[in-house]
**Q** 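Can you read through this structure? Questions will come right after.
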Amino acid sequence: MFRIDDVTAANALPTPGAAGIPGYFTEGNPGLGVPATKVTGDWLNMIQEEIANVVTGAGGALSKSTFNQLFTAIQTLVGSAVPTGNVAHHFGSTAPSGWIIRDGKTIGSASSSATGRANADTLALYTLIWNSTDNTMDSGAFHIQDSSGSPTSRGASAAADFAANKRLPLPDDRGRFDRGLNTAGTGIDPSRTLGTSQADAFKDHTHTRLASGHSEQLLDATAGGSYGTAAGGSSADTTASATGGAVSGSGTETRPANRAYLPIIKL
């Protein structure tokens with residue numbers, strides 16, 4: 001995309017004339033004396049500036065030898081509508097353009113040797129994570145590293161560390177569910193900090209032993225998870241507490257029905 005540069009072109013944008021009645025192009029009809037629509041300089045300048053402003057508004061520089069600038073600008077502007085740090089899932093094995101996988105790898109400058117992405121376009125995400133974490137958060141999951149990958153101290157700011165080619169780890173969400181941060185004091189998962197992870201757990205609960213004359217099924221954890229039957233031995237139902245307990249034989253984790261997608265985060 002480039003503005004008209006013919007020798008007959010004006011050096012400055014002419015003041016457009018007053019708006020007339022909106023209409024449509026026609027080829028006219030000479031037999032009936034209907035003229036074809038005249039394409040005016042005002043109209044051409046309007047179209048030229050509309051396109052040029054999309055390109056420059058997306059950060060591009062007009063080029064006479066590049067023919068996909070409008071397409072690239074639209075992609076950039078659409079992508080910028082999604083804020084840096086937005087997390088999502090993708091049906092694919094690689095992250096789409098403008099995103100990166102949440103796999104615990106590092107990001108940094110082009111000279112940082114970061115393992116996830118070493119490029120200037122990571123600065124916004126780098127800054128967001130740097131400002132939201134510290135070297136001790138989540139057992140050091142976000143501990144900043146030098147360009148060789150060794151843990152190091154943080155500098156005065158995200159910009160300073162980025163310029164010093166330090167790496168910053170991404171969250172590692174492979175195999176994990178995302179959970180909403182409790183900011184309203186509802187009592188559900190309280191006192192959490194943004195970006196922290198949790199190990200799996202099984203809520204404390206009770207079991208009822210059936211009264212005499214009935215039987216209950218018991219899980220024999222020592223026999224590879226096989227079930228057996230035990231007769232009720234009391235005259236009334238009783239309860240037994242299971243505190244944070246886990247039993248073997250039914251799987252390696254407690255989980256709801258789910259489907260797996262690639263965890264990604266916006267650069």
Side-chain angles (χ1 to χ4, degrees), residues 1-7 9-16 39 41-103 105-133 142 144-145 147 154-171 173 194-195 261-267:
M1 169 63 196
F2 202 71
R3 289 187 174 91
I4 185 71
D5 59 353
D6 186 79
V7 293
N11 293 326
L13 179 65
T15 302
V39 178
D42 276 356
W43 190 86
L44 291 173
N45 283 330
M46 178 184 65
I47 298 301
Q48 175 180 259
E49 294 310 298
E50 288 281 356
I51 298 173
N53 285 331
V54 174
V55 175
T56 58
L62 300 180
S63 169
K64 194 171 183 178
S65 59
T66 305
F67 306 119
N68 65 343
Q69 288 190 284
L70 181 60
F71 175 74
T72 301
I74 292 172
Q75 285 187 311
T76 300
L77 293 171
V78 170
S80 66
V82 180
T84 294
N86 193 70
V87 295
H89 294 88
H90 179 61
F91 206 134
S93 58
T94 60
S97 177
W99 298 73
I100 190 170
I101 303 173
R102 291 180 273 151
D103 57 3
K105 293 181 180 179
T106 55
I107 57 174
S109 69
S111 300
S112 67
S113 299
T115 56
R117 184 169 178 81
N119 194 280
D121 64 3
T122 64
L123 176 58
L125 179 59
Y126 186 104
T127 302
L128 179 65
I129 295 176
W130 196 100
N131 288 333
S132 302
T133 62
F142 298 97
I144 201 161
Q145 306 170 7
S147 59
R154 292 188 176 223
S157 65
D161 279 353
F162 194 84
N165 302 321
K166 294 182 181 180
R167 307 179 189 178
L168 189 63
L170 294 167
D173 295 324
L194 179 69
Y261 299 101
L262 190 71
I264 56 176
I265 186 168
K266 183 70 170 64
L267 290 173

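Below, all heavy atoms of this structure are taken into account, side chains as well, without hydrogens, waters or symmetry copies.
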**Q** Can a donor-acceptor pair be found, under 3.5 Å and without considering hydrogens, that links the side chain of Ser112 to the backbone of Ser109?
**A** yes

**Q** Indicate yes or no: at least one non-hydrogen side-chain atom of His89 is less than 4.5 angstrom from one of Arg102.
**A** yes

**Q** Looking only at atom types and distance, does a side-chain atom of Gln69 sit under 3.5 Å from a main-chain N or O of Ala61, one as donor and one as acceptor?
**A** yes

**Q** Name all residues meeting the salt bridge (Lys or Arg N to Asp or Glu O under 4.0 Å) criterion together with Asp121; count only those two or more places apart in sequence or in a different chain, and write none if there are none.
**A** Arg117

**Q** Locate the shortest heavy-atom distance separating Thr15 from Asp42; write the atom from each residue and the value.
**A** O-OD1, 4.3 Å

**Q** Scan Leu170, Thr106, Ile107 and name whichever one has a side chain to side chain contact (heavy atoms under 4.5 Å, CB included) with Thr115.
**A** Thr106

**Q** Considering non-hydrogen atoms only, spot the tightest contact between Gly108 and Thr122 and give its length.
**A** O-OG1, 3.0 Å

**Q** For Val55 and Ala73, work out which heavy atoms get closest and say how close.
**A** CA-CB, 3.9 Å

**Q** Can you tell if the side chain of Ile4 reaches within under 4.5 Å of the side chain of Leu44, non-hydrogen atoms only?
**A** no

**Q** Is the closest side-chain heavy-atom distance between Pro16 and Met46 below 4.5 Å?
**A** no

**Q** Measure the shortest side-chain to side-chain distance between Phe142 and Pro171 over non-hydrogen atoms and say whether it is less than 4.5 angstrom.
**A** yes

**Q** Main chain of Leu267, side chain of Thr84: is a donor-acceptor contact present, judged purely on distance under 3.5 Å?
**A** yes

**Q** Rounded to the nearest 0.5 Å, how far does CD of Gln48 lie from CE of Met1?
**A** 5.0 Å

**Q** Between Thr133 and Arg154, does any side-chain donor sit less than 3.5 Å from a side-chain acceptor?
**A** yes

**Q** CG of Asp6: more than 12 outside heavy atoms within 6.0 angstrom?
**A** yes

**Q** So, taking the atom named CG in Leu128 and the one named CG in Leu123, what distance separates them when rounded to the nearest 0.5 Å?
**A** 11.0 Å

**Q** Nearest 0.5 Å please: distance from the OG atom of Ser65 over to the CZ atom of Phe2.
**A** 9.5 Å

**Q** About how many Å separate CG of Asp161 and OG1 of Thr127, when rounded to the nearest 0.5 Å?
**A** 10.0 Å

**Q** Mind checking what makes side-chain contact (heavy atoms from CB on, under 4.5 Å) contact with Ala88, not counting sequence neighbours?
**A** Trp99, Ile264

**Q** Which pair of heavy atoms, one from Ser147 and one from Ser111, lies closest together, and at what distance?
**A** CB-O, 4.4 Å

**Q** Between Gly98 and Lys266, what is the shortest heavy-atom contact and its length?
**A** O-CD, 3.3 Å

**Q** Specify the closest pair of heavy atoms between Lys166 and Gly155, including all atoms of both residues, with the distance to one decimal.
**A** NZ-N, 3.8 Å

**Q** Can you measure from CG (Leu62) to CG (Asp5) and round to the nearest 0.5 angstrom?
**A** 11.5 Å

**Q** Could you state the interatomic distance from CZ (Phe162) to CZ (Arg167), rounded to the nearest 0.5 Å?
**A** 13.0 Å

